[in-house]
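Below, chains carry the letters A, B, ... as their sequence lines are ordered, and counting in each starts from 1. Atoms considered below: every heavy atom in the structure, side chains included; atoms not considered: hydrogens, waters and symmetry mates.
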There are 2 protein chains.
Amino acid sequence: MISKKTKYALKALGYLAEHSVGDPILISELAKEENIPRKFLEAILVALRKGGVLKSKIGKGGGYMLALPPANITIGKIVSILEGGFALVECLNDNVKGVCEECGDPACCGIRLVMSDVKKAIDSVLESTTLADMVEKSDTARQHKSKIMDFSI
Amino acid sequence: MISKKTKYALKALGYLAEHSVGDPILISELAKEENIPRKFLEAILVALRKGGVLKSKIGKGGGYMLALPPANITIGKIVSILEGGFALVECLNDNVKGVCEECGDPACCGIRLVMSDVKKAIDSVLESTTLADMVEKSDTARQHKSKIMDFSI
DNA sequence: CATAAACCTACCTATCCTATAGAGATAGGT
DNA sequence: ACCTATCTCTATAGGATAGGTAGGTTTATG
């Protein structure tokens, strides 16, 4: 289950992907528009900046911008920054600080072997879906819906 | 990330799948052999019984048995019992108690749309992998390893 | 009836998630 | 030079959840 932190991050990044035309957007604007607690968002944006997804401009006229085009930012990258990887067991995450205590021998642990397959499945989706895809999916769904609405009127 | 509870469940079920020849196995045996805190395991086994994966026999000579053949118990079922589903966002879980507060309109929420794809990917693995598969994977890996060991001696 | 088991209810504790506060650093405009 | 709008950093607090524990109760066997 992804945390609220990650959801907020995705919402904020989605907003940036849609509205940023090169100039920085304020934390307060993001917080207001996407309904995210201001101070909490601050911490999230810092993490994303350190993760290389965002750039910031300090001082008057400052704010946040995407560091890359939306099509080059994968959802996996974002989840990874905020959740520290998206494996279902610790011992499969990138920042591997050792083995699970549970699986005596990682090479033979059935749980690990199964979860490794799951991780591959998750990876294949999250690494191939970008911020641009997410925004587009949302737009398409919205248009499709409004078309149905028109039709029903 | 799956909880320790789920890992313990998988270990205990794996043990049952390998050692149960029809007669019940004691909680204490499971706890000892798989290195799981006795009382904690108790609660897990109750959940699995209520979930229809285990049968129990009360009283002297009692214990736990699988309620189905290992090949008919999917890992997905187990995870689902102990984690309450394996979606990455609440609003995609089966026991759907409403919508995420975050996605205003679930039909158009980009996060939901992406996570729905992820859930499908996870499902396809977890629903198609059974307890029997897990045990077999583990055995195969162990055999493979011991073969390499033999070879190196 | 004695004993061996699962069953049930309640509880405790540490950690993490979410959120907030406030002072500090930096840049722009005048 | 100064004021102001920003991001930046550190610290903190409440609540939820995970992990684990305790002790008594019920049920079956012999």
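- In this structure, Asn35(A) atom CG and dT18(C) atom P are separated by 16 Å, rounded to whole Å.
- Classification of Asp139(B) and Arg142(B) as a salt-bridged pair holds, one side-chain N sitting under 4.0 Å from a carboxylate O.
- At a threshold of 4.5 Å between non-hydrogen side-chain atoms, the residues Ile122(A) and Leu88(A) count as touching.
- Distance Leu41(A) CG to dT6(D) C1': 14 Å, rounded to the nearest Å.
- Whole-Å rounding puts the Lys7(A) NZ to dC17(C) C1' distance at 13 Å.
- If you check residues 52-70 of chain A against DNA chain C, the residues with a heavy atom closer than 4.0 Å are Lys57(A), Ile58(A), Gly59(A), Lys60(A), listed by number.
- Lys39(A) is linked by a salt bridge (charged side-chain N to carboxylate O under 4.0 Å, His left out) to Glu42(A), counting only residues two or more places apart in sequence or in another chain.
- Taking a pair to require two hydrogen-bonding distances under 3.5 Å in either a Watson-Crick or a G-U wobble arrangement, dC2(D) pairs with dG29(C).
- Under the ring-ring contact (aromatic ring centres under 6.0 Å, His included) criterion, the residue pairs touching residues 18-39 of chain A are Tyr15(A)-His19(A), with sequence neighbours excluded.
- Within the nucleic acid shown, Ile27(A) comes within 4.0 Å of sugar-phosphate atoms alone, with no base atom in reach, counting heavy atoms only.
- The list of ring-ring contact (aromatic ring centres under 6.0 Å, His included) pairs with a residue in residues 28-80 of chain A, not counting sequence neighbours, reads Tyr8(A)-Phe40(A).
- With sequence neighbours excluded, no residue satisfies salt bridge (charged side-chain N to carboxylate O under 4.0 Å, His left out) with Glu34(A).
- Atom P of nucleotide dA5(C) and atom CD1 of Ile25(B) are separated by 13 Å, given to the nearest angstrom.
- Electrostatic pairing of Lys57(A) and Asp23(A) does not count as a salt bridge here, judged by no charged N lying under 4.0 Å from a carboxylate O.
- Listed pair Arg49(A) / dC7(D) fails the phosphate criterion, with no side-chain N or O lying under 4.0 Å from OP1 or OP2.
- Of the possible polar contacts, none joining the Ser116(B) side chain to the Arg112(B) backbone as a donor-acceptor pair under 3.5 Å is found.
- Within 6.0 Å of NZ on Lys11(B) lie more than 12 heavy atoms contributed by other residues, nucleotides or ligands.
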Protein-proximity profile, nucleotides 16-22 of chain D, B/S/- by nucleotide at the 4.0 Å heavy-atom cutoff, equals ---SBBB
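- Among the atoms of the strands shown, only primed sugar atoms or phosphate atoms (P, OP1, OP2) are found under 4.0 Å from some heavy atom of Leu26(A).
- Nucleotide dA5(C) holds its P atom 15 Å from the CG atom of Leu45(B), rounded to whole Å.
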